[in-house]
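Read through the structure below, which is laid out as structure tokens, and then see the notes.
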Protein chains: 2
Amino acid sequence: MATIIDIARRAGVSVATVSRTFSHPDKVRSGTREKVRKAVAELDYSPNALARSLRQMRSGTVIVIVPSIQNTFFSGIVQGVENVAHDNGFRVLLGETQGRQERLDYYAAMVSSRVADGLILLGSLLPGEVTERMKEGAGLPMPLVLACERFEDLTCPHVAIDNEKGAYEATRHLIDQGCRRIATVSGPAGNTLSQDRVVGYRRALAEAELPFLPDYVLEGDFTVESGYSAMADLLLVEPRADGIFFENDEMAIGALRAIREAGLSVPGDFAIVGFDDIRFAEFVDPPLSTIRQPTVEIGEAAMELMMRTLRAEDAGATEIILDHQLIIRASSDRSAGWTG
Amino acid sequence: MATIIDIARRAGVSVATVSRTFSHPDKVRSGTREKVRKAVAELDYSPNALARSLRQMRSGTVIVIVPSIQNTFFSGIVQGVENVAHDNGFRVLLGETQGRQERLDYYAAMVSSRVADGLILLGSLLPGEVTERMKEGAGLPMPLVLACERFEDLTCPHVAIDNEKGAYEATRHLIDQGCRRIATVSGPAGNTLSQDRVVGYRRALAEAELPFLPDYVLEGDFTVESGYSAMADLLLVEPRADGIFFENDEMAIGALRAIREAGLSVPGDFAIVGFDDIRFAEFVDPPLSTIRQPTVEIGEAAMELMMRTLRAEDAGATEIILDHQLIIRASSDRSAGWTG
DNA sequence: GTGAAAGCGCTAACAT
DNA sequence: ATGTTAGCGCTTTCAC
């Protein structure tokens, strides 16, 4: 495997010139550049990024942490991250945690060992190292940007939508459709994003002077399966709800099955709204109303914040809130019946 | 940021000893080991993986290439890869191509520049570098393992299921359910995996002495959207099909919507079978019959092959074929009506 | 069991 | 514009 020395020898120049040809081409005369390019082609050389990173003390790589690549919601965000990373000469790699702390800590260790320069977190987990530092009241132990989730007591650049408002609008929409007994299926209790959405749900109820009933608040974990079983539980609650706000689309899709199996219908018996607008949302029966998040923009903003952090501009506690959008489909449309 | 020298100084030993404490603890007396561990804790040291990789000439990282993290099928495979990687002290990172050649080439370049040691490919794309070398009749330019897809003229370790047989069984099952006019929606034409499945479909037809009608073979691209539009086309074909084999579940789910919108039913008007058994398959209406692939096992086998390749054991053209399974759900069950 | 030292491939400061 | 060289942090002979 050819090294920079081989190229230098072959091109009849110094290693410094070869290096410059790659990093600062404008500082090399074009004739020289040509000689180098020729040698590179002949020997099929490609620079050793490890050596370069070691020397430069930065890897030029960021890792995006997703809870699950099975969750169809993250793709747009990753796309956005990559757009900006590419413009800045950075690589993007993905890590999947499957909700396991150890897995996240494993990726965090890659930053500590300088395999990557920073982490963009899409999930609801924080590296153990970070949690410890927070307790000590110290700063972040590594460059970190949160996309979507926020954490109590953690000062960290962060981009998201206004979850409280999104949930409020979803619930409000159900009320406008004539629902009066509105339930919700939330994410895991510790999840701030989920908590924010529950707050929005309650605000909409309060504003419409509808009672808040604890029995109408079920806890899920954002999976289809949990939506199915939460719905099974909800079917037993009297009086029966007539509208349900699901805190993500996957759970809503799981619930559709439970409702179908019970011989009930949507939106006739239950008007339904989800959250995220995943790709399947408009293909289920009936097509799912939902809150669409601007995923690509979230990713772009997150990577911008990461770049600022890495340039030591200290993005600090910068918080970027982007706009969401209520998408009305048949699952909540009681005005015209529903034809699918 | 502490380096190995800081630790050596603090522990009162040489850098060699510190290094050995991490890499070959058995070659260090336990008392010495303890001193080192103490210094490490005090200075919050973590070894610079770049320096280590540079010295060892291997990065200890493999990249798994997925076409899209929106495709819910890959998660299990990644899980399997990680199981084996972890046992071997390897890191796993993901790269998403979104079907774009440039993106794949970008990840391939990470191997050339020694950021990663090899690539595990889940998609239907090959790095440009590899394609070129193939034309020259040369060997692989980098460690590569194919999971799922195979390529003509490419000698490369590879793990998959028997796609031809899976498709045969799916089609055969439709025939057993009484279907006589069976259509199929394939993947992109160039895709070998898709070609293999079409072959299996045709074999089942031939065996049952059913005619093969080109009009009954539609081309999709494995997305929900393409399933929807292929189905829209298929609805216009006379005589109308009564059974359809979709080469993946996503397309089948898209088709369900088109069928619904046409006022037709499944499995009454069309019995349907998909492929992959993605998580949503049993939650759609009606639940989808499908061919389940042993995803975790595929990933494990792929990483085993990668390890062999990296240990220069030259896995060569090793091919591992794993068992699939026909999952029968309501979408193809005409024996008992369908209750969802 | 432990230490001294060479060197992995590259970049950047300095010299010419 | 180009060359010389130190050194990034680590591992690994080779001595002792």
Side-chain angles (χ1 to χ4, degrees), chain A residues 1-40 43-61 89 91 109-117, chain B residues 1-40 43-61 89 91 109-117:
Chain A
M1 204 133 265
T3 76
I4 199 171
I5 299 182
D6 302 319
I7 303 301
R9 230 184 315 254
R10 181 130 188 160
V13 300
S14 73
V15 294
T17 300
V18 178
S19 173
R20 276 190 285 259
T21 307
F22 283 96
S23 316
H24 312 280
D26 49 309
K27 294 202 186 314
V28 179
R29 205 188 317 157
S30 76
T32 314
R33 230 155 41 201
E34 213 29 66
K35 284 193 289 185
V36 172
R37 299 224 187 279
K38 189 153 161 285
V40 166
L43 299 182
D44 194 22
Y45 167 73
S46 92
N48 185 319
L50 297 171
R52 169 186 294 198
S53 298
L54 175 60
R55 184 54 229 246
Q56 298 192 144
M57 308 265 253
R58 71 187 230 346
S59 68
T61 304
R91 299 183 196 90
M110 293 194 200
V111 178
S112 301
S113 63
R114 266 130 300 184
V115 168
D117 294 331
Chain B
M1 205 134 263
T3 75
I4 199 171
I5 299 183
D6 302 320
I7 302 301
R9 228 180 324 251
R10 181 128 187 162
V13 300
S14 73
V15 294
T17 299
V18 177
S19 174
R20 276 190 283 258
T21 306
F22 282 96
S23 317
H24 311 282
D26 48 310
K27 294 200 185 318
V28 178
R29 206 187 313 158
S30 76
T32 314
R33 234 159 33 205
E34 212 29 67
K35 283 193 290 186
V36 173
R37 298 222 188 280
K38 188 152 162 284
V40 166
L43 298 182
D44 193 21
Y45 168 73
S46 90
N48 185 320
L50 297 172
R52 168 186 296 200
S53 298
L54 175 60
R55 183 55 227 249
Q56 299 191 144
M57 309 265 253
R58 69 188 230 349
S59 69
T61 303
R91 299 183 197 90
M110 293 195 199
V111 178
S112 301
S113 62
R114 267 129 299 186
V115 168
D117 294 331

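Because the structure is a prediction, the values reported are computed rather than measured. So that the names make sense, note that chain A is the first sequence line, chain B the second, and so on, each numbered from 1.
- The CZ-P distance, from A/R55 to D/dA6, rounds to 12 Å in whole Å.
- The side chain of A/L54 has C/dG9 as its nearest neighbour among C/dG9, D/dC10, D/dT5.
- Across all strands shown, A/R20 has heavy atoms under 4.0 Å from base atoms, whether or not it also approaches the sugar-phosphate.
- Residue A/S23 has its side chain nearest to C/dT11 when only C/dG3, C/dA5, C/dT11 are considered.
- For A/V28, the listed nucleotide lying nearest its side chain is D/dT2; candidates were D/dT2, C/dC10, C/dG3.
- For the pair A/R9 CZ and C/dG9 P, the computed distance is 12 Å after rounding to whole Å.
- At a threshold of 4.0 angstrom between heavy atoms, the contacts of B/V18 with the nucleic acid are absent.
- Nearest heavy-atom pair across A/A49 and A/R91 is CB-NH2, 3.6 Å.
- Bending across the helix from C/dG1-D/dC16 to C/dT16-D/dA1, expressed as the angle between its end axes from five pairs apiece, amounts to 30° (10° rounding).
- For C/dG3, one of the phosphate oxygens OP1 or OP2 lies less than 4.0 angstrom from a side-chain nitrogen or oxygen of B/S14.
- Between A/A16 and A/M1, the residue anchored nearer the 5' end of DNA chain C, judged by the nucleotide with its closest heavy atom, is A/M1.
- Whole-Å rounding puts the B/R52 CZ to D/dC8 P distance at 19 Å.
- Distance CE/B/M57 to CE/A/M1: 9.5 Å, rounded to 0.5 Å.
- Between the C1' atom of D/dT2 and the NZ atom of A/K27 lies a distance of 13 Å, rounded to the nearest Å.
- Within the 4.0 angstrom heavy-atom criterion, only backbone atoms of the sugar-phosphate kind lie near B/T32; the bases stay farther away.
- Within the 4.0 angstrom heavy-atom criterion, only backbone atoms of the sugar-phosphate kind lie near A/Y45; the bases stay farther away.
- Look at A/Q56 and you won't find any side-chain N or O under 4.0 angstrom from OP1 or OP2 of C/dC10.
- In this structure, B/K38 NZ and B/L43 CG are separated by 10.0 Å, a value rounded to the nearest 0.5 Å.
- A/R29 has its CZ atom 6 Å from the C1' atom of D/dA1, to the nearest Å.
- In this entry the distance linking CG of B/D6 with C1' of D/dC10 reads 13 Å, nearest Å.
- The nearest whole Å value for the distance from the CZ atom in B/R58 to the C1' atom in D/dT12 is 15 Å.
- In terms of phosphate contacts, B/H24 brings no side-chain nitrogen or oxygen within less than 4.0 Å of OP1 or OP2 of D/dT11.
- Separation of atoms OG (B/S19) and CZ (B/R55) is listed at 9.5 Å; rounding is to 0.5 Å.
- Nearest approach of B/V40 to B/F22, heavy atoms of both residues: CG2-CZ, 4.0 Å.
- Within 6.0 Å of CZ in B/R9 there are 12 or fewer heavy atoms belonging to other residues, nucleotides or ligands.
- If you check every strand for non-hydrogen atoms under 4.0 Å, B/S19 touches a base.
- The closest donor-acceptor contact from the side chain of B/T21 to the backbone of B/V36 lies at 3.5 Å or more, if one exists at all.
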- Report the C-alpha separation of A/R52 and A/N48 in whole Å, then their side-chain angles, then the decisive distance to 0.1 Å, and conclude whether the side-chain contact (heavy atoms from CB on, under 4.5 Å) test is met. CA-CA 6 Å; A/R52 169 186 294 198; A/N48 185 319; over 6 Å; no
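- Put simply, CE on B/M57 is 10 Å from P on C/dC10, counting in whole angstrom units.
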